[in-house]
Amino acid sequence: MAEENKPIMPDMDKINECLNKIRPYIQHDGGDIELMGVDENAIVYVAFRGACAGCMMAAEDFHSGIKLLLMDEVPGIRDVLLIG
């Protein structure tokens, strides 16, 4: 019965495909985004690198763009968290 509550795990290739769509825009500003992993609860962890790591707009860009895009395009993702 515990198997029924287990989340459908998102496809890592689809996550990377989605990140690769937005990566050129982030890199244009001197930053990057890195997939850190996916836990057993289907929560995706990402981190900004380069110029984005210290940018005041990074959190807004993450919540209004990256997180929504990943959750919309990759089935199974329960949440996306920015770490680091």
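Worth saying up front: this structure is predicted, and the values here are computed from it rather than measured.
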Visitor: Which heavy-atom pair separates Met71 from Arg78 by the least distance, and what is that distance?
Guide: CE-O, 3.3 Å
Visitor: Are Ile33 and Cys52 close enough that some pair of their side-chain heavy atoms sits under 4.5 Å apart?
Guide: no
Visitor: Report the distance from atom SG of Cys55 to atom CD of Glu60, rounding to the nearest 0.5 Å.
Guide: 11.0 Å
Visitor: Heavy-atom distance under 4.5 Å between the side chains of Leu35 and Met12, does that happen here?
Guide: yes
Visitor: Is there side-chain contact between Ile26 and Ile66, with heavy atoms separated by less than 4.5 Å?
Guide: yes
Visitor: When you measure from the side chain of Asp11 to the backbone of Asp13, do you find a donor-acceptor pair of N or O atoms at a distance under 3.5 Å?
Guide: yes
Visitor: Quick check: is Leu68 connected to Val74 through a chain of hydrophobic side chains (ILVMFWY, heavy atoms under 4.5 Å apart)?
Guide: no
Visitor: Could you report the tightest heavy-atom contact between Pro75 and Lys14, atom names first, then the distance?
Guide: CD-CD, 4.4 Å
Visitor: Can you name the closest pair of heavy atoms from Ala51 and Asp29 and give their distance?
Guide: CB-O, 3.5 Å
Visitor: Using modelled atom types and a 3.5 Å cut-off, is there a donor and acceptor pairing between side-chain atoms of Asn41 and backbone atoms of Ile43?
Guide: no
Visitor: Looking at every non-hydrogen atom in both residues, tell me the closest pair between Phe62 and Val80 and how far apart they are.
Guide: CZ-O, 3.4 Å
Visitor: Counting only heavy atoms not in Ile8, do more than 12 fall under 6.0 Å of its CD1?
Guide: no
Visitor: Within the distance-only criterion (no hydrogens, no angle test), does the side chain of Arg23 pair as donor or acceptor with the backbone N or O of Asp32 below 3.5 angstrom?
Guide: no
Visitor: Contact between Leu81 and Val44 at the side-chain level, heavy atoms closer than 4.5 Å - yes or no?
Guide: no
Visitor: Do Ile15 and Ile77 come within less than 4.5 Å of each other through their side chains, counting heavy atoms only?
Guide: yes
Visitor: Only one of Ile22, Asp79, Leu19 clears side-chain contact (heavy atoms from CB on, under 4.5 Å) with Leu70; which?
Guide: Leu19
